[in-house]
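We count residues from 1, following the sequence as given.
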Amino acid sequence: MTRPALDPITVEVIGAALSSIVEETGEALVRASYSTNIKERRDCSTALFDREGRTLCQAEHIPVHLGSFLDFIPFVLASHDPADMRPGDVFVGNDAYCGGGTHLPDIVLAEPIFVDGTLAAWTVNLAHHSDFVDRAHAHIYQEGLRIPPIRLYRAGELQKDVQDLILLNCQVPRERLSDLRAQMAANRVGVQRFQDLCARHGVDTVLASGEALLDYAERKMRAGLAALPDGCWRFEDVFDTLDFDEPIPLAVTVTITGEDIALEFEAPPQVRSGINMTRTALLATAYYIVKSVVDPSVLPNAGLARPITVTAPDGSIVSCAHPAAVNGRVQTCQRVADLILGALAQAVPDRVSACTNSTCTVALFSGTRQSGPQKGLYWVYLETIGGGGGARPDADGLDGIHVHATNTSNLPVEALEVEYPLILERYELVDGSAGAGRFRGGMGLRRVYRATEECMVRVDISRNLSRSWGLLGGGPGGHGGFVTSPGTAPFHRGHGSLRPGEWLEVITPGGGGYGPAEEDPSKETALAAE
């Protein structure tokens, strides 16, 4: 096909339209969903891909979800003949090894978009289904139902046997069914809007503009890299987790040569724990951080990855192999993101922040309702809690936020207490958790949950042994951790249970400071008050 003549204005208009489509499909998913994890916390993402499976545009939702998108369409195309695909086909999948996923709760739905009878693009969305709880994480087979990319709908007709198989393996099937339907509704919006765009501008012009946008993202990224100093910088940190008694060493070497950047990771072999990252999770994390430092305005499509080379030992914690468990992979993603920042800080300290809280603190509650209209029904409540952001070269770090690879909201107190047998006793910033500096780090959060019915609990947290580092003399952020009420049965590596009236206090880490700690304005204020 000969590429039609394009002008910059047309490409810009179509690029803006693609961004609008993925944002609208994201809002449709949130508004149609049932579970609190999606309708309140917005733990979902949407994207458009070209017919070959390259990212055209991803909504500004959650960076790590790109890892579940990167290989999904290539897996579909490898296992299903495109000539046999029809309008209304919908593919579902989540597997980390035979589907391009990064962990099993993230279920992807992808629908081919046909224009004039020809496959033109794909609309894809992902929702984190809060299910598969009370599991071990020694290997992938313990973590939930593995779904390779298979048809959930065939030419618009639901494959009920496939749906029944999925729901039978879920612990809260009523939520799963409703959220899957919300994902379907979002994809329908994506199909209709893309077809409307092609009707307005012509399919050849839209597809050619997609190619031009990929090339433009590459040019922008290369120009940004060329403006940075050439060199090689290495940074080391440790990753501490409740799963292990000793911190795990990690390192990265970042090399910039002209218009190209290479990231070489060092990490120990994969472990019998859910903290292992798939390679696509590593790529998504690396692409996000490099983009944010080099040029945040670069379009979020596959073109930005062309100048970036990422290497890591196969079968390691940061690039695992089957059958490694991956449920908690975002914990490692967060540490890897700050690891890259630590290396780039040596090259361009005026472009990066100090270390963030470096984790995605998780509190997961589950149980069977003991009273009320839902008596006997199983429930699952997932909360990922923000922490301190790293101080910036010209401003304090933000308090109580999600950072890097995650970007979800908190669950409002009112929604939490209406939906679940829990009461939130305290929700506050942690005084003294911010790293000192000319600009201080962000403060961590404290949330105290009291159970009104018996429930199981799992807490995932990091920086309980290490602390988030400061830059240019800045102080470290405060530790993370958790505490239970007196008399509560001891938790083992973050796993335990609460009886009615017992409580759990979760504390998230603070961010590192920027600039000499002795220049912290809060110290001057304290001295003046004395």
Problem - Under-4.0 Å salt bridge between Asp295 and Lys220 - result: yes
Exercise for the section: Decide whether Asp240 and Ser466 meet the rule of one side-chain donor and one side-chain acceptor closer than 3.5 Å. Expected result: yes
Exercise for the section: Could you check Thr311, Val290, Thr309 and say which one makes a side chain to side chain contact (heavy atoms under 4.5 Å, CB included) with Leu263? Expected result: Val290
Problem - Electrostatic pair Glu425:Arg446 at N-O distance under 4.0 angstrom - result: no
Exercise for the section: Answer with yes or no whether the side chains of Ser35 and Asn37 bring together a donor and an acceptor at under 3.5 Å. Expected result: no
Practice task
Go through the side-chain N and O atoms of Asp338 and Thr356 and say whether any donor and acceptor fall under 3.5 Å apart.
Solution key: yes
Handout entry: Spacing of CG belonging to Leu445 relative to CG belonging to Asp399, to within rounding of 0.5 Å
Key = 8.5 Å
Handout entry: Test: Arg438 and Asp394 ion pair at under 4.0 Å
Key = no
Handout entry: Those residues that, when tested against Val30, pass side-chain contact (heavy atoms from CB on, under 4.5 Å) (two or more places apart)
Key = Arg42, Cys44
Problem - Pair Asp134 + Arg458: basic N to acidic O under 4.0 Å - result: no
Fill in the blank from the handout: Nearest heavy-atom contact between Pro229 and Val348 is CD-CG1, 4.0 Å
Exercise for the section: Assign the ring pair Phe49 / Phe69 to parallel, tilted or perpendicular, where the plane angle (0 to 90°) is split at 30° and 60°. Expected result: perpendicular
Exercise for the section: Would you please say whether a donor-acceptor pair under 3.5 Å links the side chains of Arg329 and Thr102? Expected result: yes
Handout entry: Salt-bridge criterion met for Glu419 and Lys39 (N-O under 4.0 Å)
Key = yes
Practice task
Check whether the side chains of Thr36 and Tyr420 place a donor and an acceptor atom closer than 3.5 Å, and report yes or no.
Solution key: yes
Problem - side chain to side chain contact (heavy atoms under 4.5 Å, CB included) partner of Asn410, the single match among Arg41, Arg447, Glu40 - result: Arg447
Problem - Thr359-Arg463 side chain donor-acceptor pair, cut-off 3.5 Å - result: no
Practice task
Using distance alone, with no hydrogens and no angle criterion, decide if Asn125 and Thr46 have a side-chain donor and acceptor under 3.5 Å apart.
Solution key: no
Problem - Donor-acceptor side-chain pairing of Thr488 and Ser485 below 3.5 angstrom - result: yes
Practice task
State whether Asp215 and Arg54 are salt-bridged, where the test is any N-O pair (Lys NZ or Arg NE/NH1/NH2 against Asp/Glu carboxylate O) under 4.0 Å.
Solution key: no
Problem - Cationic N near anionic O, under 4.0 Å, Glu218 to Arg306 - result: yes
Practice task
Mind listing the closest non-hydrogen atom pair of Trp503 and Leu498 along with its distance?
Solution key: O-CD2, 3.9 Å
Handout entry: Nearest non-hydrogen partners of Val326 and Ala96, listed with the distance
Key = CG2-CB, 4.1 Å
Completion exercise
With Ser68 as partner, the option from Leu126, Thr278, Asn94 fulfilling side chain to side chain contact (heavy atoms under 4.5 Å, CB included) is Leu126
Exercise for the section: Give a yes/no verdict on a cation-pi contact between Arg335 and Phe239, requiring under 6.0 Å between NZ or CZ and the six-membered ring centre and an angle within 45° of the axis. Expected result: no
Handout entry: Distance-only polar pair, side chains of Asn407 and His402, donor-acceptor under 3.5 Å
Key = no
Exercise for the section: State whether a side-chain donor-acceptor pair under 3.5 Å links His129 with Glu175. Expected result: no
